[in-house]
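Below is one structure; the comments refer to it alone.
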There are 2 protein chains.
Amino acid sequence: MLSNSRVAYREHNHLRCQNAAMQRARSLCEQHKVRLTPIRENVLRLLWQSHRPLGAYEIIEQLSDAGEKSVKPPTVYRAIDFLLEQGLAHRLATLNAYIGCPFPGNPHRFAVFVCQACGSAAESSFEAIDNAIGAAAARADFEVHGQAVEVTGLCPQCRGKADD
Amino acid sequence: MLSNSRVAYREHNHLRCQNAAMQRARSLCEQHKVRLTPIRENVLRLLWQSHRPLGAYEIIEQLSDAGEKSVKPPTVYRAIDFLLEQGLAHRLATLNAYIGCPFPGNPHRFAVFVCQACGSAAESSFEAIDNAIGAAAARADFEVHGQAVEVTGLCPQCRGKADD
DNA sequence: CGCATAACGTTATAACATTACATAAATATG
DNA sequence: CATATTTATGTAATGTTATAACGTTATGCG
């Protein structure tokens, strides 16, 4: 089981998270002979500015604010598509938002746990979930190609606060 | 385990499916003292015209074609919201589409299996999936409030055809 | 009946995403 | 190294999904 839940919801040195993620991305892109262009790199860095999923238009706005010229939707969507294809980011369908993947390079099915209070998301690659989905599919003779598992609720931190 | 996968992907007397669903809906609404108005009933019937999830704008179009006057988005979205609240329908976030719930009245977490070839969706309420999600959440001290499990792949029928 | 609430009608707009086509940058090839 | 090819980006327009705001009608209740 791979999970970043121990870190995602807590105070932590996030700069290290971010830098490590960028380093992994650079190395994987080199390895796969694809180009992590400045735009793509900037979008990924924005996704890693926190553990909160980011909408495409938030990215557009932030990039526009940062640079001189306004960045147009296709520019960002193309970068996002690239990151999704390379497994460097994931799309959260329930939020229309995107997160950086903490385990790129490990082809994996995964589940995302999004805190309704603070908005932070952790990713967990827990075989029992995939196995259970596989078992349910097997009963129906269904051949699984992909899955989206998105869980909402309260993270440990916010749960503590809500218990007051 | 509750599932309609045995019926959803096959040829079957769908009129019975549809009528049974409408009957359940009427009875549940009566029971809960809420009103299944004509608009709401029509939207639910459209959702039950097949096992293919329907987009809101497809519903709008069909309702507009059926009646004299063009039906506006809020009308349909309000009906959908009602059906979702009452557990008579579900939203599929990955498709931006809606399906009638085959097991209303049984409060349940569920997974949906959508065939990429024919578009049909089956719903399955399989405890092992929920338990696995619960276990992963427990490890992270995460309190689950809701889940969206959407699986894509090939249904038994389409799988057979694809094997040629 | 008269009032309160719930449902619906209508217009406009917000939020998310893509198409189509032009330009530029990187890479491959002779 | 010139140039052809591919890959990436710029830009305008539009498509798709969903909601806000506000007025009107229908329903149920004292």
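Keep in mind that this is a model prediction, so the values were computed, not measured. So you know, we letter chains A, B, ... as the sequences are listed, proteins then strands, and number each from 1.
The only member of B:Y98, B:F103, B:F110 that meets ring pair (Phe, Tyr, Trp, His ring centres under 6.0 Å) when paired with B:H90 is B:F110.
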Discussion item. Using a 4.0 Å heavy-atom cut-off to protein, can you give one letter per nucleotide of nucleotides 19-25 of chain C, 5' to 3': B if the base is in contact, S if only the sugar-phosphate is, - if neither?
Written reply: B------

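In this structure the side chain of B:E30 never reaches within 4.5 angstrom of the side chain of B:R35, judged on heavy atoms. At least one side-chain heavy atom of B:N4 sits less than 4.5 Å from a side-chain heavy atom of B:H51. Side-chain contact check for B:E123 versus B:S125: every heavy-atom pair is 4.5 Å or farther apart. A 4.5 Å side-chain heavy-atom check between B:F82 and B:L36 finds at least one atom pair inside the cut-off.
For DNA chain D, the span of nucleotides reached by chain A at under 4.0 Å from its heavy atoms goes, 5' to 3', from D:dA8 to D:dA12.
Aromatic ring pairs are classed by plane angle as parallel below 30°, tilted from 30° to 60° and perpendicular above 60°; the pair B:Y57 and B:Y77 is perpendicular.
Residue A:R10 qualifies as open at atom CZ: its count of foreign heavy atoms under 6.0 Å is 12 or below.
Taking CG of A:L95 as the start and CZ of A:R52 as the end, the distance is 12.5 Å to the nearest 0.5 Å.
Residue B:R40 contributes atom CZ, which lies 11 Å from atom P of C:dA6 at whole-angstrom precision. Separating the OH atom of A:Y57 from the P atom of C:dC16 is a distance of 8 Å, rounded to the nearest angstrom. Taking atom CD of A:E61 as the reference point, atom C1' of C:dC16 lies 14 Å away to the nearest angstrom. In this entry the distance linking CG of B:L36 with P of C:dA6 reads 17 Å, nearest Å. Taking atom CD1 on A:I60 and atom C1' on C:dT18, their separation rounds to 12 Å, with Å as the unit. We find that CZ of B:F82 is positioned 19 Å from P of C:dT5, with the value rounded to whole Å. Nucleotide C:dA15 holds its P atom 12 Å from the OH atom of A:Y77, rounded to whole Å.
Salt bridge absent: A:R109 and A:E127 never bring a charged side-chain N and a carboxylate O closer than 4.0 Å.
Each end of the helix from C:dC1-D:dG30 to C:dG30-D:dC1 gets its own axis, taken as the rotation carrying the C1' atoms of four end pairs onto the next four within a five-pair window, and the two axes meet at 30° to the nearest 10 degrees.
Pairing each heavy atom of B:L46 with each of B:L54, the nearest pair is O-CD2, 3.6 Å.
Taking the nucleotide of DNA chain C with the nearest heavy atom to each of B:V34 and B:P73, the more 5' of the two is matched to B:V34. Sequence order on DNA chain D of the closest nucleotides to A:S70 and B:A97 puts A:S70 first from the 5' end.
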Discussion item. Show, in sequence, the C-alpha distance, side-chain angles and deciding distance for A:Q49 and A:Q62, and conclude whether the side-chain hydrogen bond (donor to acceptor under 3.5 Å, both in side chains) test is met.
Written reply: CA-CA 11 Å; A:Q49 75 192 299; A:Q62 291 197 37; 3.3 Å; yes

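Residue A:T37 is in sugar-phosphate contact alone, with no base atom involved, counting any heavy-atom pair closer than 4.0 Å across all strands shown.
Here A:N96 reaches the OP1 or OP2 of C:dA17: one of its side-chain N or O atoms lies under 4.0 Å away.
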